[in-house]
Amino acid sequence: MRYFFHKLGYGNSEVRKYLGHAQPGEAGNIAIFFCESSVAECRAGKKGRDASEFCVAGDPENHAQIRVVIVAHREFWVLQPSGPVVEGESFIGRDGQPDRIKLMPITVLARKPITAIPHLLASMASNAYWSRGTFREIGRAAPDTGGGETWDGWQHQLAIELQLPDSIRQLSCPALRQGALLLFLSSVELETVVAKVFEEAGCFVPAYRGGNMADVDILAHNDSAKEIIIGDRALAPGTSLAIQVKSWMRQPPRVVDGILSVSLNLHRKDKGKGWDASHLWQLIERSPQTLAWLQRSLAWHQSGVTGQCIEPAAKMAQESSFLQ
C-alpha cells in the first residue's frame, strides 16, 4: 500500500470545487495543474516527480494500492483513485499564465472533521516536505535527508488506516514496547509531553513549544527554594534548563552546557548526551498527570491493532528495541 499527501490547488483552494460534499463511498475528483503540460508529459517526469506519481497512481492496476490524503478546511479526507488521469480544460492561473487541468476520478474512503482524528494526522501540513509538494509520498524519506526510511511516515500510515472501516483496513502493527508509543505523537505533542514532565516535577514551563527558537524547544525554570531532580538532571533553586526535542535525530546530539537533548531514537552510545524513548517513558510513568494526558492523546492507537507491521516499521522497531 502506498500513501500520498495531496494539495489540491494553491493552498488547497480547489478542494471544495472538486470534492464538494462527497461522503464515504461517493465519487469525486482531484487534480493537478502544472501549466499547459499534458498528462503524457507529466507521466514521463517532465514536470517532476509529484506530477509523474499522480498520473501513475491513476492507472487502474494501481488503484487498490493507493491512499490519497488531504487535510484542508478543518477536514480530513482519505481517497482512492477510481479512474485514469485525463486532461481537462485550460484556464488562466493565479500567476496570469495558462494552466491545464489533469483530473483523477476518486472514491472517498473517509471524510472526518479534524476534531475526530489524531493530532498526528491533523498536523500533517506542518511537515515541510509533504506540504511544499503537490503529491508527495507518505513514508518515503525526503530527497535531501540522505535517503533510506525514517520513522516519519509509517506511523501516519497506521493512523490513516485506523480512520477507515475494518472491511477495507489494510495495515496493522505488532505490539510495541510502551516507550515506542511515543512515536505516535505528533512533533508538537512530543514537545508537550516533555514540557508536562518538567512541569509536573515542579518546574515553571512558560511555553510547550519553541517555535522559531534556534536549537531549543522548551525552557524549564526552577523558581522554588528546593532542588528539582528529573531523571539524571538536577535543577538547583533559581536555575533553568533549555531542552531540544526531536522525534528522530539523524545525527548524534551535541553536548552543550545547559541544553538537554531528547530524541526517541537516541543511540545507546549517546545516552549520556540526552534522553531516549525509554528514559522519557520512565519519567512519564512517574508522572501521573502527564501519563493520563498521554493515554488520552494516544487513545486512537489503543484499538486492538495486531498482526504484521509493514516491513520498514518492523525493521526499525527491532533495531531500536521497540518491539515487545
Side-chain angles (χ1 to χ4, degrees), residues 118-120 122-123 126 151-152 155 176-302 320-322 324:
H119 192 272
L120 184 72
S123 62
S126 65
W151 281 106
D152 196 18
Q155 64 272 59
L176 300 172
R177 292 189 186 279
Q178 288 180 311
L181 294 177
L182 297 171
L183 293 163
F184 293 94
L185 295 174
S186 69
S187 59
V188 173
E189 287 176 312
L190 183 60
E191 291 176 10
T192 300
V193 77
V194 173
K196 282 182 171 291
V197 165
F198 278 87
E199 199 169 54
E200 191 165 347
C203 293
F204 171 69
V205 180
Y208 282 8
R209 64 174 308 186
N212 294 324
M213 290 193 298
D215 300 323
V216 175
D217 297 303
I218 298 165
L219 299 174
H221 307 281
N222 182 0
D223 293 341
S224 72
K226 297 180 179 180
E227 183 180 59
I228 297 175
I229 298 176
I230 309 171
D232 59 359
R233 304 287 160 150
L235 277 73
T239 63
S240 303
L241 181 65
I243 306 151
Q244 182 186 49
V245 182
K246 288 185 176 295
S247 298
W248 200 256
M249 193 170 285
R250 304 183 193 284
Q251 300 292 332
R254 293 178 296 163
V255 179
V256 180
D257 289 342
I259 296 182
L260 168 65
S261 291
V262 179
S263 177
L264 301 183
N265 73 320
L266 198 66
H267 195 276
R268 293 179 181 87
K269 66 182 179 63
D270 295 320
K271 284 189 177 180
K273 303 177 184 178
W275 295 351
D276 65 354
S278 61
H279 194 138
L280 179 57
W281 184 263
Q282 290 172 12
L283 296 175
I284 292 171
E285 287 188 309
R286 300 174 201 158
S287 310
Q289 295 177 21
T290 304
L291 180 60
W293 175 90
L294 180 66
Q295 290 170 334
R296 171 61 182 84
S297 295
L298 294 179
W300 64 268
H301 182 269
Q302 311 302 319
S320 304
S321 300
F322 282 143
Q324 284 188 351

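The figures that follow rest on heavy atoms only: side chains count, while hydrogens, waters and symmetry mates do not.
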Shortest non-hydrogen contact from [X] to [Y]?
X: S278; Y: D276; result: OG-OD1, 3.0 Å
X: V197; Y: T290; result: N-OG1, 3.8 Å
X: E227; Y: A234; result: OE2-CB, 3.6 Å
X: V205; Y: A195; result: CG2-O, 3.8 Å
X: A220; Y: I243; result: CB-CD1, 4.2 Å

Decide yes or no for [X] and [Y]: does some side-chain heavy atom of the first lie under 4.5 Å from some side-chain heavy atom of the second?
X: L294; Y: L181; value: no
X: L298; Y: W300; value: yes
X: I228; Y: C203; value: yes
X: L241; Y: N222; value: no

Taking side-chain contact (heavy atoms from CB on, under 4.5 Å) as the definition, give me every residue that meets it alongside [X], ordered by chain and number, with sequence neighbours left out.
X: S126; value: S123
X: E189; value: H119, L185, S186, W293, S297
X: Q289; value: E200
X: D217; value: E191, Q244, V245

Listed once per pair and sorted, the ring pair (Phe, Tyr, Trp, His ring centres under 6.0 Å) pairs that draw on residues 187-223, sequence neighbours left out: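 Residue pairs with at least one partner in residues 187-223: F198-W275.
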
From E199 atom CD to T192 atom OG1, the distance as rounded to the nearest 0.5 Å: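 It is 10.5 Å, given to the nearest 0.5 Å.
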
Spacing of L291 atom CG and L283 atom CG [to the nearest 0.5 Å]: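 Between atom CG of L291 and atom CG of L283 there are 12.0 Å.
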
